[in-house]
Amino acid sequence: MAEENKKMKLEVEFDRDEVVGTMMLMREKLTDERWAELTKAPISMDFKKFGADAVEVRIALIAIAIASADDLK
């Protein structure tokens, strides 16, 4: 793959308790069916869903990834 076509990929994992807590703050409930759906395969981010905040969300995730990269410290 050409150098200009490379992309940075992130891998993040959350346990069920973290998801339950987050959904509670979103006023939703995590059902067994929803948990099965959320955990069956990696979830691709759709930044369009963030509307006007999409750029800020991208910047935050990139900054977190850079801070988390051991070889960049």
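For this chain, numbers begin at 1 and follow the sequence in order. Side-chain atoms are counted along with the backbone in the values below, which use heavy atoms only and exclude waters and symmetry mates.
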Is there a path of hydrophobic side-chain contacts, each under 4.5 Å between heavy atoms, that joins I43 and V19?
yes
How long is the straight-line distance from CG of L30 back to CG of L38, given to the nearest 0.5 Å?
6.5 Å
T22 side chain near E28 side chain, heavy-atom distance below 4.5 Å:
no
Salt bridge (Lys or Arg N to Asp or Glu O under 4.0 Å): which pairs involve residues 35-60, sequence neighbours left out?
E37-K40
Mind checking whether R34 and K29 have side chains closer than 4.5 Å, heavy atoms only?
no
Please set out all donor-acceptor pairs under 3.5 angstrom arising from side-chain atoms of residues 10-17, sequence neighbours excluded.
| from | atom 1 | to | atom 2 | distance (Å) |
| --- | --- | --- | --- | --- |
| D15 | OD1 | D17 | N | 3.2 |
| D15 | OD1 | E18 | N | 2.9 |
| R16 | NH2 | D32 | OD1 | 3.0 |

So which residues get pulled into L25's cluster when ILVMFWY side chains under 4.5 Å apart are joined, directly or through others?
none
Cluster link F47 to M8, ILVMFWY, side chain under 4.5 Å
yes
Same apolar cluster: I59 and M45, side chain cutoff 4.5 Å:
no
Mind checking whether I64 and F50 sit in one hydrophobic cluster, side chains of I, L, V, M, F, W, Y counted as touching below 4.5 Å?
no
